[in-house]
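Remarks on the structure that follows.
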Amino acid sequence: MIRIETETDVLYAAIAAHRPSWLARAKSRKAMYRRTGRYVEGQDFWGEIKDIYIELQHEKCAYCETRLAGRELSSKVHEVEHFRPKSRVKTWPPATGKGAVGFVPPCRLGRASRRGYYLLAYHPLNYVIACTRCNSTLKADYFPVRRARSTRAAHPDTAMAEDPLLIYPLGHLDVDPASLIRFAGVLAVPRHDRGRDFERALVTIAFFQLNHQDLCSRRARLIGALWLSLRTRDTPGLPALLIQYHQQAVDAAQAAAGEFAACARDFVALHATDPALADQLGEAAAAMSW
Ligand SMILES: [Zn+2]
């Protein structure tokens with residue numbers, strides 16, 4: 001997971017340019033929900049601004065960083081995810097199903113709510129694009145929090161008082177995900193070893209199953225290729241053109257558009273500070289991906 005860089009005013013301007021009436025319609029929908037005291041299903045239009053998030057996120061899932069198919073297929077593979085569930089919240093982890101069954105929580109994870117965060121159903125800072133696995137299978141109607149739920153919050157900023165355990169990666173409402181989660185080779189691990197930041201990382205990793213075998217094996221392919229580029233780039237006597245070629249590959253892997261960029265960034269940092277360990281992990285990853 002990486003921070004999806006944008007500023008609030010830039011996001012709002014992009015929405016206004018893309019669908020001039022969207023923000024006004026969102027405002028009146030919110031006023032209607034305020035009157036009814038809950039989210040009411042029907043004629044939903046958040047999908048109209050999906051393309052803006054797809055572009056901001058470089059066509060990647062906000063949580064697992066899997067690259068999704070291009071915009072032409074967006075209606076099928078990109079899902080607009082409400083970070084805070086709009087219509088109800090269930091307790092997590094679930095007793096059965098595909099969630100992190102058996103996960104032992106490090107702290108309180110909040111109660112269920114029959115109301116949901118109804119005033120955030122049309123808030124642009126309550127959306128990201130996510131893959132079907134992260135959004136429908138795992139996220140569903142769950143939203144673990146440490147304190148009392150702010151289901152009446154009209155802005156995600158004020159809802160932060162509930163002390164969410166998941167990390168919102170878009171913009172600057174929340175901390176940079178990389179400050180909480182790091183990658184040890186292919187594995188996502190908490191960056192801190194105790195306290196609130198540790199608990200948020202632990203819950204987020206378990207919630208989105210960031211160490212699922214499928215994700216780990218795809219990250220292994222990335223690290224294997226990255227390690228070869230780093231090693232080749234640093235080979236004494238290599239022609240300048242080849243050094244440039246491999247440096248470009250290293251840069252592309254770490255760029256926001258790179259699939260699993262958070263993992264790539266930590267591996268490149270490790271290669272600079274502890275090349276022996278990076279070699280060990282890189283060699284193992286390359287062997288896994290052959
Ligand atoms: Zn995902």
Side-chain angles (χ1 to χ4, degrees), residues 1-6 46-47 49-86 90 92-94 97-101 103 125-144 164-171 173-178 180-190 200-223 253-267:
M1 193 184 293
I2 59 167
R3 171 173 272 164
I4 301 154
E5 282 299 342
T6 189
W46 49 72
I49 57 170
K50 184 190 274 191
D51 282 359
I52 290 167
Y53 294 83
I54 292 174
E55 189 154 327
L56 275 175
Q57 295 176 215
H58 304 279
E59 303 183 351
K60 298 193 307 183
C61 171
Y63 304 120
C64 71
E65 282 202 83
T66 290
R67 184 179 305 291
L68 304 167
R71 246 177 291 183
E72 301 78 52
L73 298 172
S74 64
S75 64
K76 297 292 178 202
V77 294
H78 297 255
E79 295 188 357
V80 177
E81 133 82 345
H82 285 79
F83 183 63
R84 286 179 168 82
K86 60 191 176 303
K90 296 195 282 187
W92 185 88
K98 291 180 177 158
V101 176
F103 175 71
L125 291 174
N126 193 38
Y127 299 146
V128 285
I129 298 296
C131 70
T132 306
R133 179 176 164 277
C134 285
N135 184 27
S136 302
T137 308
L138 299 177
K139 181 76 167 48
D141 291 325
Y142 302 116
F143 195 73
L165 282 146
L166 304 182
I167 307 160
Y168 184 64
L170 191 140
L173 264 178
D174 206 339
V175 297
D176 185 340
L180 302 187
I181 297 174
R182 71 179 180 90
F183 283 84
V186 299
L187 289 177
V189 294
R200 288 194 82 192
L202 200 69
V203 170
T204 300
I205 291 166
F207 189 98
F208 290 110
Q209 299 185 15
L210 295 181
N211 291 326
H212 186 282
Q213 188 187 354
D214 172 55
L215 288 171
C216 286
S217 59
R218 284 190 284 145
R219 283 188 213 121
R221 282 200 290 277
L222 164 80
I223 287 183
Q254 298 178 87
E259 191 174 41
F260 311 125
C263 176
R265 289 171 187 177
D266 282 342
F267 185 75

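All ligand and atom numbering here is 1-based and tracks the order in the structure.
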Quiz prompt | Distance-only donor-acceptor check, side chains Thr66 and Arg133, under 3.5 Å | solution = no
Quiz item: Taking the side chain from His58 and the backbone from Lys60, do they hold a donor-acceptor pair closer than 3.5 Å?
Solution: no
Quiz item: Where does the angle between the aromatic ring planes of Trp92 and Phe207 fall among parallel (under 30°), tilted (30 to 60°) and perpendicular (over 60°)?
Solution: tilted
Quiz prompt | Lys139 to Phe83, cation-pi by 6.0 Å centre distance and 45° axis angle | solution = yes
Practice problem: Using a cut-off of 2.8 Å, find all protein N, O or S atoms closer to the Zn ion (ligand 1) than that distance. | Solution: Cys61 SG, Cys64 SG, Cys131 SG, Cys134 SG
Practice problem: Quickly, which of Arg200, Arg3, Arg84 forms a salt bridge (Lys or Arg N to Asp or Glu O under 4.0 Å) with Asp174? Name it, please. | Solution: Arg200
Quiz item: Are any of the side-chain nitrogens in Arg67 or Glu59 under 4.0 Å away from the carboxylate oxygens of its partner?
Solution: no
